[in-house]
S.K.: 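Starting off with a structure, shown below.
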Amino acid sequence: MTTIDASLFEDLQARGLIAQTTGGDVMADYLAAGSRTLYSGFDPTADSLHIGHLVPLLALKRFQRAGHKPIALVGGATGLVGDPSFKAAERKLNTPDIVAGWTDKLKAQVSRFIDFDCGANSAEVVNNLDWMGQMDVLTFLRDVGKHFSVNNMINKESVKQRIDREGAGISFTEFTYMLLQSYDFAELYQRYNCTLQIGGSDQWGNITGGIDLARRMYGGETYGLTLPLVTKADGTKFGKTESGTIWLDPAKTSPYAFYQFWLGAADADVYKFLRYFTFLPLEQIAAIEASDRETQGRPQAQSVLAREVTALIHGDEGLAAAERITEALFSGSLESLGESDLEQLKLDGLPSSELVRGELASRPLTQWLVDAGMAGSGKQVKDALARAAVAINGVAVDADDNTNAEACFVSERALFGRFYVVKLGKKKYHLFEIK
RNA sequence: GCAGGGGUUCCCGAGUGGCCAAAGGGAUCAGACUGUAAAUCUGACGCGAAAGCUUCGGUGGUUCGAAUCCACCCCCCUGCACCA
């Protein structure tokens with residue numbers, strides 16, 4: 001028999017992970033009284049999840065650890081429609097082929113986080129296309145649509161800006177999204193006795209819609225819980241960097257880049273992130289915070305956070321790789337690296353590319369670095385060159401050297417005759433190998 | 001369909017014949033200061049090493065000269081009509 005950790009709710013609350021719950025104060029008792037089945041949905045809007053999905057994903061795991069049964073729903077059907085909640089504009093529809101491909105990828109990704117073999121509260125992964133795909137319009141309109149009042153729907157905060165705002169607008173397709181998600185909840189209630197839906201706070205409207213529908217269709221009593229949207233103290237968007245979204249797929253965001261992202265968390269955010277994104281006990285997080293406060297200089301919280309989250313997503317090997325690169329680039333000196341170390345850095349995910357010596361003279365250095373993805377445009381590189389912020393194997397490159405890429409990559413300066421570590425700015429590194 | 005409003009560089013948003021690669025803000029990048037923080041200050045921010053080239057929904061036109069004027073077209077919003 002599964003044992004229930006009755007302190008789950010209290011822990012979630014203390015971590016700041018509860019934005020809203022339905023049913024007033026009953027949630028804590030409801031969760032403590034028995035093993036519940038809950039779900040959270042992930043729509044395939046890209047070929048990978050990103051760190052914005054981490055809070056609900058980890059929440060499923062928290063619930064499972066506490067003895068509840070999590071269902072991860074991948075929205076093969078809802079992804080075809082598009083959730084309008086708090087989106088400023090209508091989105092383009094993706095083709096069914098693409099969405100189906102993404103659905104498969106997300107299913108695989110989601111599956112790595114939850115346990116499918118732990119007895120009664122083993123996880124499930126479902127795809128709502130399985131029950132939505134073959135439903136015909138008339139059945140949908142009669143059985144589902146009839147339970148919704150348009151009057152209520154247009155008053156939902158999540159679509160209000162689209163309806164009120166001049167220059168915006170919402171198609172019937174997106175407007176219907178709420179019905180689809182609501183039907184999911186009702187269906188899961190029916191199939192799995194799933195009585196709780198969790199999701200980001202932007203999902204409140206969709207979740208309460210599902211609760212109403214489950215009651216109207218099946219007389220079921222279900223609950224909802226929303227998690228906070230992750231915000232940063234400086235007001236910029238969480239999860240984006242100059243190089244774009246931080247993905248969970250190591251092929252899209254290397255464990256090294258992933259690790260670096262967390263390492264760069266602001267002091268004002270880092271303790272919150274520890275509570276949100278790790279399973280470390282709250283007392284331990286409090287201890288870290290207290291100790292950082294007493295210490296001058298660099299806090300330890302960021303590195304704890306980076307280690308914990310990277311290990312969680314990319315495993316111990318991913319973490320080890322990320323730490324190896326970080327150590328080599330930021331702490332050690334390049335000379336201390338052996339030939340195999342450099343090979344390893346490449347394998348570990350340090351961005352790298354190959355150059356052919358004979359072709360070097362054909363283009364200026366700026367172009368080579370842009371091609372390698374180190375900067376968005378030659379202008380940026382040029383700016384860095386003017387400030388002596390570009391270094392090749394530790395030697396700063398001058399703006400005058402720009403047109404002479406061959407001289408920048410002279411063989412005498414190469415490590416082991418073929419490697420060049422190029423640094424642009426303080427944090428961007430790229431490994432070039434001469435072929 | 002009719003009437004009105006609108007489409008500007010990543011986003012918001014000025015600009016209504018030359019002084020516009022296009023104000024201002026945000027985001028982003030680089031430097032100083034630092035802790036691979038924050039705040040602050042400085043610089044960059046269409047593309048190009050440069051000469052120069054290409055932009056303001058699209059296509060044509062007027063003009064010495066157009067983001068700005070004209071014509072047609074496309075798209076969005078609001079209202080009305082049509083429909084019922």
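In the text below, chain A, chain B and the rest are named by the order of the sequence lines, each starting its count at 1.
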S.K.: Quick one: CZ on F238(A) to CD1 on I246(A), what's the gap to the nearest 0.5 Å?
M.R.: 9.0 Å

S.K.: For nucleotides C20(B) and A66(B), find the distance between their P atoms and express it as a whole number of Å.
M.R.: 15 Å

S.K.: Taking C69(B) as the reference, what is the distance to G15(B) when you measure between their P atoms (whole Å, please)?
M.R.: 13 Å

S.K.: Please state the C1' separation for the pair C47(B) and U54(B) - nearest whole angstrom.
M.R.: 7 Å

S.K.: Looking only at atom C1', what distance separates A32(B) and G18(B), rounded to whole Å?
M.R.: 41 Å

S.K.: Is A268(A) touching bases, backbone alone, or none of the nucleic acid, heavy atoms closer than 4.0 Å?
M.R.: nothing

S.K.: More than 12 non-hydrogen atoms from neighbouring residues, nucleotides or ligands closer than 6.0 Å to NZ on K232(A), yes or no?
M.R.: yes

S.K.: Mind checking what makes salt bridge (charged side-chain N to carboxylate O under 4.0 Å, His left out) contact with R324(A), not counting sequence neighbours?
M.R.: D348(A)

S.K.: Taking the P atom of each, how far is C72(B) from G5(B), in whole Å?
M.R.: 16 Å

S.K.: Whether R65(A) engages the ring of F279(A) as a cation-pi pair (distance to the six-membered ring centre under 6.0 angstrom, angle to the ring normal within 45°) should be assessed.
M.R.: yes

S.K.: So, applying side chain to side chain donor-acceptor pair (under 3.5 Å) with S48(A), which one of H53(A), Q109(A), K252(A) is it?
M.R.: Q109(A)

S.K.: Atom pairs, N/O to N/O, protein against nucleotides 49-51 of chain B, distance under 3.5 Å?
M.R.:
from: A49(B); atom 1: OP1; to: T366(A); atom 2: OG1; distance (Å): 2.9
from: A49(B); atom 1: O4'; to: N402(A); atom 2: ND2; distance (Å): 2.9
from: A50(B); atom 1: OP1; to: K382(A); atom 2: NZ; distance (Å): 2.8

S.K.: Taking the side chain as every heavy atom from C-beta outward, state whether I207(A) and I198(A) have any pair of such atoms under 4.5 Å apart.
M.R.: no

S.K.: From C-beta outward on T236(A), which listed nucleotide comes closest to its side chain: A27(B), U42(B), C29(B)?
M.R.: A27(B)

S.K.: Pick the C1' atom in C73(B) and in C80(B), then give their distance to the nearest Å.
M.R.: 24 Å

S.K.: Got a salt bridge between R387(A) and D383(A), using NZ or NE/NH1/NH2 to carboxylate O under 4.0 Å?
M.R.: yes

S.K.: Is the positively charged end of R307(A) above the ring of Y259(A), judged by distance under 6.0 angstrom from the centroid and angle within 45° of the axis?
M.R.: no

S.K.: Base contacts versus sugar-phosphate-only contacts with protein, heavy atoms under 4.0 Å: please encode nucleotides 35-41 of chain B as B, S and - from 5' to 3'.
M.R.: BBB----

S.K.: If the C1' atom of C2(B) is compared with that of A81(B), how far apart are they to the nearest Å?
M.R.: 7 Å

